[in-house]
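Scope of the values below: all heavy atoms of this structure, side chains included, with no hydrogens, waters or symmetry mates.
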Amino acid sequence: MSERKKLDRRDFMRGAAAAAFAGATWFAAGSKAEDTVWQLDPNKCTQCGRCSTHCTLNPSAVKCLNQFNICGYCDLCFGYLHPGSRERDTDAENLLCPTAAIERKFIEAPYYEYKIHEERCIGCAKCVEACLVFGNGSFYLQVRQDICVNCNECSIAKACPSEAFSRVPASKPYLYITGDTPPNVVR
Amino acid sequence: MKEPVRRLKRPWLVYVCVAAIAVVYFGLLAKNRHPEPGANLRYDVSDYRQVDTVETRFVETGRIKLAVEDARAMTVLAAGGLMVGGKNVVALYDEGGREVSRFSIKGTPTSITQAPGGEVLIALRDHVATFDLHGTMKKTWDSLGERAYLTSMAADEENVYVADAGNRVVYRFDRSGRLLNRIGEADPARDIRGLVVPSPYFDVALDGEGMLWVVNPGELGLENYRPNGDLITSWYKPSMKLEGFCGCCNPSHIAFTPAGSLVTCEKGLVRVKIYDVTSGEFQELVAGSELFPKEQAVRDLAVDTRGRILVLDPRHDAVRIFEVKEKTDG
């Protein structure tokens, strides 16, 4: 039976130094790596509707935003009204949004402001597609970081047919449709 | 003392149970727990695309393939041929569609037109520059301001009309570039409601008699003005049907045929149609969603001296040519 080798003081010091160096390196590297969050690129989004059905949260953490500085403030807004609507009013049968999450507010004749109530929005992208097809494309989807639980593997990203989802730095968590301009800038 | 070994009466049951558990486990793993979005969560305009699948006398007879990056504007030249403007370049094509020359410019033209006498006017977002046919710049007019976004021009012997989508107005200049008056601003005293321009699609054109027609895109119709800005007549056709203009702001482009008919083009559901300009009565379809299935907007529309309808289609980087198909016996 072989005799167990005793750990002498020199070996202990060597091991401790190595462990301290490795720990310091890991800590230094870790503190420099910025946290990331999930976000979707509105220019890649194809409005498939899966953001509303594939998020682990219900309703989805993906919400519609209106980029006011490119919104046309149209009276006949196709993001707000159903294409076959008879009247341009707030009656349910005329609304495109399945949860009535868009509020229409008169500004001046004949312009209206369209505001998204995010607590009602389910991220289905119907209004996004309609505005893109018929209007200026001012509606677009974004992952709301105050709602998103930042899953390690985002189930929407996995299902997204256009690979619009990616991890972005937490310090710049939104990808605005017109570069860095935030969506709450009213012209 | 050695325990007796207990044997199962039906040992295969264990294998069956293990297999069943494995099937359920892997089945659940493979199954997508998320449902696909249903009909209520999908935006479907296919029904509205169906309305323009009607018989038409027109067929697409050719395409002029463009070697111009980001082609945005075109005009038919009086001597025949076509001028197309894109990023930092203007190219000239003969009637057969062959590029004959090109010249460089700074910027991307938002509109091109040729005035009587041959002078070429090019709108560059906030100002107009004049050129000769060889591309020599003659004059740059003053900027119309930071908000200006010039989308269309029309010129006669005395006037140049310039549509500005940013300021929602049509400017009337003399041929030297001096601003004479503004057209289309709200003025209750003159019974003018004002132009509604929600997007950078705002077109003007002169008919065969030299009358100015201005698209009021937000009202989905056309307005006819005198040079001094008096409104003569107007008609509006908001409708998803073929006879009307759909979307928030249409028609996106207009032009006149040599016979005086109005040709319109819409964005959203791209439809090229012909109207009687005085009554606003729909006459016929030139091309509909079948020929423009994925386009959201074309860039420009023109009619050449032979009556061919030319559509600048960015998806195909081409000018698409539509003509009345010839009747064949049998």
- [ ] For B:Y149, enumerate each residue passing the ring pair (Phe, Tyr, Trp, His ring centres under 6.0 Å) test, keeping only those at least two apart in sequence or located in another chain.
- [x] none
Open item on the list: Can you tell me which portion of A:L132 sits under 4.5 Å from chain B's heavy atoms? Options are side chain, backbone, both or neither.
Closed with: both
TODO: Just give me the residue among A:G135, A:S155, A:A130 that pairs up with chain B most often, heavy atom to heavy atom, under 4.5 Å.
DONE: A:A130
Open item on the list: Please rank B:G247, B:S239, B:C249 by heavy-atom pairs under 4.5 Å with chain A and give me the top one.
Closed with: B:G247
- [ ] Examine whether an atom of A:C131 lies under 4.5 Å from a heavy atom of chain B, and if so say whether it belongs to the side chain, the backbone or both; otherwise answer neither.
- [x] neither
TODO: Identify whether NZ of Lys or CZ of Arg in B:R271 sits under 6.0 Å from the centre of the six-membered ring of B:F282 and within 45° of that ring's axis.
DONE: no
Open item on the list: Only pairs of heavy atoms separated by less than 4.5 Å count here; which of A:C74, A:P83, A:S52 has the most with chain B?
Closed with: A:P83
TODO: Check each atom of A:C48 against the heavy atoms of chain B and say whether the ones under 4.5 Å are side chain, backbone, both or neither.
DONE: backbone
- [ ] Return yes if some donor-acceptor pair links the side-chain N/O of B:E266 with the main-chain N/O of B:C246 below 3.5 Å, else return no.
- [x] yes
TODO: Check the side chains of A:Y176 and A:Q67 for a donor-acceptor pair under 3.5 angstrom, ignoring hydrogens and angles.
DONE: no
Open item on the list: Whether the B:T233 and B:N224 side chains hold a donor-acceptor pair (N or O, under 3.5 Å, no angle test) is what I'd like checked.
Closed with: no
